[in-house]
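Labels below follow one simple rule: chain letters A, B, ... track the order of the sequence lines, proteins then strands, and each chain is numbered from 1.
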Amino acid sequence: MKVLVCVSNVPDTTTKVTFTNDNMEFNTAGVQFIINPYDEIALARAIELTEGGKGTVTIVNVGKADTEPTIRKALAIGADDAVRIDATPSDAYFVSYNIAEYARDKNFDLILTGRESIDYNGAQVAAMVGEFLDIPSFSIIKKVEFDGSIATVDREVEGGKEIINVSTPFVAGCAEGVAAARIPNMRGIMSARTKRLEVIAALESGQSTRIIKYEVPPQRSTVKIIPADEVGKLVELLHSEAKVI
Amino acid sequence: MSVLVYVEHAEGNFKKSALEIVSYSKAIADQLKTNLIALAIGNVSDENLTALGKYGAEKVLNVSDKKLDNFVNEAYSFVIADTAKQEAANVIVLSNTFSGKGLAPRLAVKLKADFVSGAIELPDIQNEKFVVKKTTFSGKAFAYVELLSSIKLITLTINSYQLIESAVSSKIVKISPEFRDSDFRATVKQVVRSNDKTPLPEAELVVSGGRGLKGPENWHLIEDLADALGAATACSKPVSDADWRPHEEHVGQTGISISPNLYIAIGISGAIQHLAGVSSSKTIVVINKDPEAPFFKAADYGIVGDAFEVVPKLIESIKEFKAQK
Ligand SMILES: Cc1cc2nc3c(=O)[nH]c(=O)nc-3n(C[C@H](O)[C@H](O)[C@H](O)COP(=O)(O)OP(=O)(O)OC[C@H]3O[C@@H](n4cnc5c(N)ncnc54)[C@H](O)[C@@H]3O)c2cc1C
Ligand SMILES: Nc1ncnc2c1ncn2[C@@H]1O[C@H](COP(=O)(O)O)[C@@H](O)[C@H]1O
């Protein structure tokens with residue numbers, strides 16, 4: 001089985017988010033970048049499905065050269081090779097178009113993404129890649145298993161889940177439950193240095209949204225502390241002041 | 001020109017999130033001085049379809065076909081795109097629910113529409129510009145996204161717009177689009193309903209527990225408080241990692257993001273990754289025995305105390321309050 005895993009390079013989860021250039025740009029100064037946590041789950045599942053000679057895992061990232069440490073980390077965790085599509089990932093449409101065009105003639109059986117990137121929070125790439133390639137997509141899955149070329153996928157839906165049968169190829173956005181993220185071992189780190197990382201030029205997608213400004217949410221007004229033996233007062237405030245009950 | 005809103009339903013009944021986006025779309029249609037058209041897929045009674053008029057839908061389209069009994073992303077997005085073309089829709093709105101997340105990106109590609117997911121306010125439409133505010137960086141920031149293409153697509157975050165009545169008389173039109181067989185490659189084998197009364201992403205009130213509760217055997221405190229309030233339950237990541245609670249309850253940067261009217265956090269320290277998923281809650285109450293817990297800085301109301309003492313009293317107090325009403 002040939003699996004393509006889409007990996008995005010995002011600020012570490014502890015990052016204090018600030019902006020520069022008149023709130024038009026994310027301030028990357030001092031920010032540590034990591035593999036998007038959901039993509040780590042996707043990667044772990046891809047490795048499980050192909051381990052022991054059962055297939056290969058290719059990483060694809062749309063990014064400039066600064067994302068290479070993240071790609072190398074994915075290789076260290078266990079992917080076989082990687083492709084970087086050389087461009088600033090301006091929006092999901094552009095990213096998805098480029099991933100789809102790259103994948104189009106490569107016969108991947110399965111394309112995995114994370115359910116969403118923790119920076120842009122679009123949750124768009126999985127379904128867009130599916131549409132560009134005209135293959136089924138599942139935006140948020142909790143499980144994917146194979147019996148030959150037929151997969152069983154658990155998809156998250158309102159108020160429950162659906163168990164679905166689908167044949168390859170398809171795209172799925174991985175959430176918690178699909179696999180446990182792996183950490184690279186020494187051997188992985190050593191071998192990652194020599195694994196193939198191809199850099200290809202990006203294509204124009206012909207369309208793009210534009211972020212014109214960022215804003216940091218206003219601070220909450222200072223907390224009202226209610227004495228532990230006066231919980232009735234809290235109930236009263238939630239009713240009359242906050243008006244939520 | 002028109003605004004098209006796709007409304008989800010559960011067994012023929014529209015949920016509040018569906019009425020929210022009808023209200024929201026009506027406001028956009030009014031700004032653009034155009035009509036609002038709603039589309040529902042599946043079996044919905046005429047009475048329920050007509051009721052969408054109460055929130056401003058002038059025309060309500062309904063496709064009911066056996067083939068669409070189960071939700072198939074590809075086929076549903078095909079129907080919505082086809083309808084958008086027929087109705088010359090230039091703004092299309094969906095809920096940012098699980099199904100909305102599956103459908104909208106496919107629609108964006110089919111219609112070559114610029115797309116913002118997870119909008120939290122009405123778009124700012126001025127001087128030919130169309131700018132939508134959304135949450136980014138997992139709740140740590142907002143972004144204003146400009147949509148440039150002639151067709152615009154928005155998914156609206158649940159619980160971020162009020163229901164506004166603007167009674168118009170609505171006309172129901174049954175439509176029967178053509179399908180493509182190739183859109184039915186995925187088959188739903190089984191639908192598993194969780195027995196929760198209110199699914200977490202849609203809940204207006206949420207009671208959440210962290211490691212401070214010590215173990216799953218104490219979760220009756222969270223559940224009883226939730227029951228007393230009519231709230232859904234949630235938890236921090238270590239709690240679901242330890243299997244004290246199911247993973248679908250885990251909120252935060254790597255779990256789900258919620259924006260309920262009320263979030264009550266009990267025995268949760270308030271780590272930045274936890275806050276990422278809940279900081280857009282309208283009111284936050286924190287119960288923690290450590291006065292230095294970082295969560296107090298992000299809260300509106302706090303009680304410094306032992307959950308095992310405070311929560312039972314709070315449950316009683318809520319029950320009394322409800323009984324009086
Ligand atoms: C990449 C990454 C992603 C993450 N994503 C998430 C995420 O999505 N969601 C998430 O929640 N976490 C996430 N985390 C973990 C996060 O950093 C914290 O570790 C976690 O939120 C802590 O959970 P907690 O508050 O339940 O436990 P703790 O931090 O252990 O806090 C327990 C709290 O309970 C209080 N307490 C103890 N006993 C009592 C009592 N009897 N009564 C009242 N209070 C009491 C303590 O004072 C303490 O404040 C992530 C971490 C990483 C590295
Ligand atoms: N620049 C990128 N390069 C490769 N994959 C990406 C990129 N951005 C997003 N993805 C993938 O798409 C998923 C969803 O991202 P998003 O739609 O931005 O929320 C991520 O979890 C990644 O798997």
Does a side-chain N-to-carboxylate-O contact under 4.0 Å join [X] and [Y]?
X: A:Lys233; Y: A:Glu236; result: no
X: B:Lys129; Y: B:Asp124; result: no
X: A:Lys161; Y: B:Glu248; result: no

Begin from the C-alpha positions of A:Phe26 and A:Tyr214 and carry the test ring-ring contact (aromatic ring centres under 6.0 Å, His included) through to its verdict. CA-CA 8 Å; A:Phe26 173 55; A:Tyr214 289 99; 7.7 Å; no

In terms of heavy-atom proximity below 4.5 Å to chain B, should [X] be classed as side chain, backbone, both, or neither?
X: A:Tyr38; answer: side chain
X: A:Arg210; answer: both
X: A:Asp134; answer: both
X: A:Ile41; answer: neither
X: A:Asp154; answer: neither
X: A:Ile225; answer: both

Is there a side-chain contact between [X] and [Y], using heavy atoms and a 4.5 Å cut-off?
X: B:Ser281; Y: B:Val206; answer: no
X: A:Asn27; Y: A:Phe19; answer: no
X: B:Lys16; Y: B:Asn159; answer: yes
X: A:Val144; Y: A:Phe138; answer: no

Which bit of [X] comes within less than 4.5 Å of chain A, counting heavy atoms only: side chain, backbone, both or neither?
X: B:Lys289; value: neither
X: B:Tyr301; value: both
X: B:Glu74; value: side chain
X: B:Val285; value: side chain
X: B:Thr155; value: neither
X: B:Glu320; value: neither
X: B:Thr187; value: both
X: B:Ala108; value: both
X: B:Glu202; value: side chain
X: B:Ser257; value: neither
X: B:Ala113; value: backbone
X: B:Lys15; value: side chain
X: B:Leu229; value: side chain
X: B:Leu205; value: side chain

Leading residue by heavy atom contact count with chain B [cutoff under 4.5 Å; candidates [options]]:
options: A:Ile140, A:Val153, A:Ile135; answer: A:Ile135
options: A:Ser137, A:Gly160, A:Ala228, A:Ala123; answer: A:Ser137
options: A:Ser96, A:Pro37, A:Gly122; answer: A:Gly122

B:Glu316/B:Lys313 under salt bridge (charged side-chain N to carboxylate O under 4.0 Å, His left out): CA gap, chis, key distance, verdict: CA-CA 5 Å; B:Glu316 283 319 306; B:Lys313 282 195 251 166; over 6 Å; no

May I ask you to check whether B:Glu8 and B:Ser95 show a side-chain donor-acceptor distance below 3.5 Å? no

Parallel, tilted or perpendicular: which describes the rings of A:Phe108 and A:Tyr102, with under 30° parallel and over 60° perpendicular? tilted

Output for pair (A:Leu112 CG, A:Leu4 CG), nearest 0.5 Å, gives 8.5 Å

Out of curiosity, A:Glu131 CD to A:Tyr97 OH, how far, rounded to the nearest 0.5 Å? 14.0 Å

Surrounding NZ of A:Lys142 (heavy atoms of other residues, nucleotides or ligands, distance under 6.0 Å), is the total greater than 12? yes

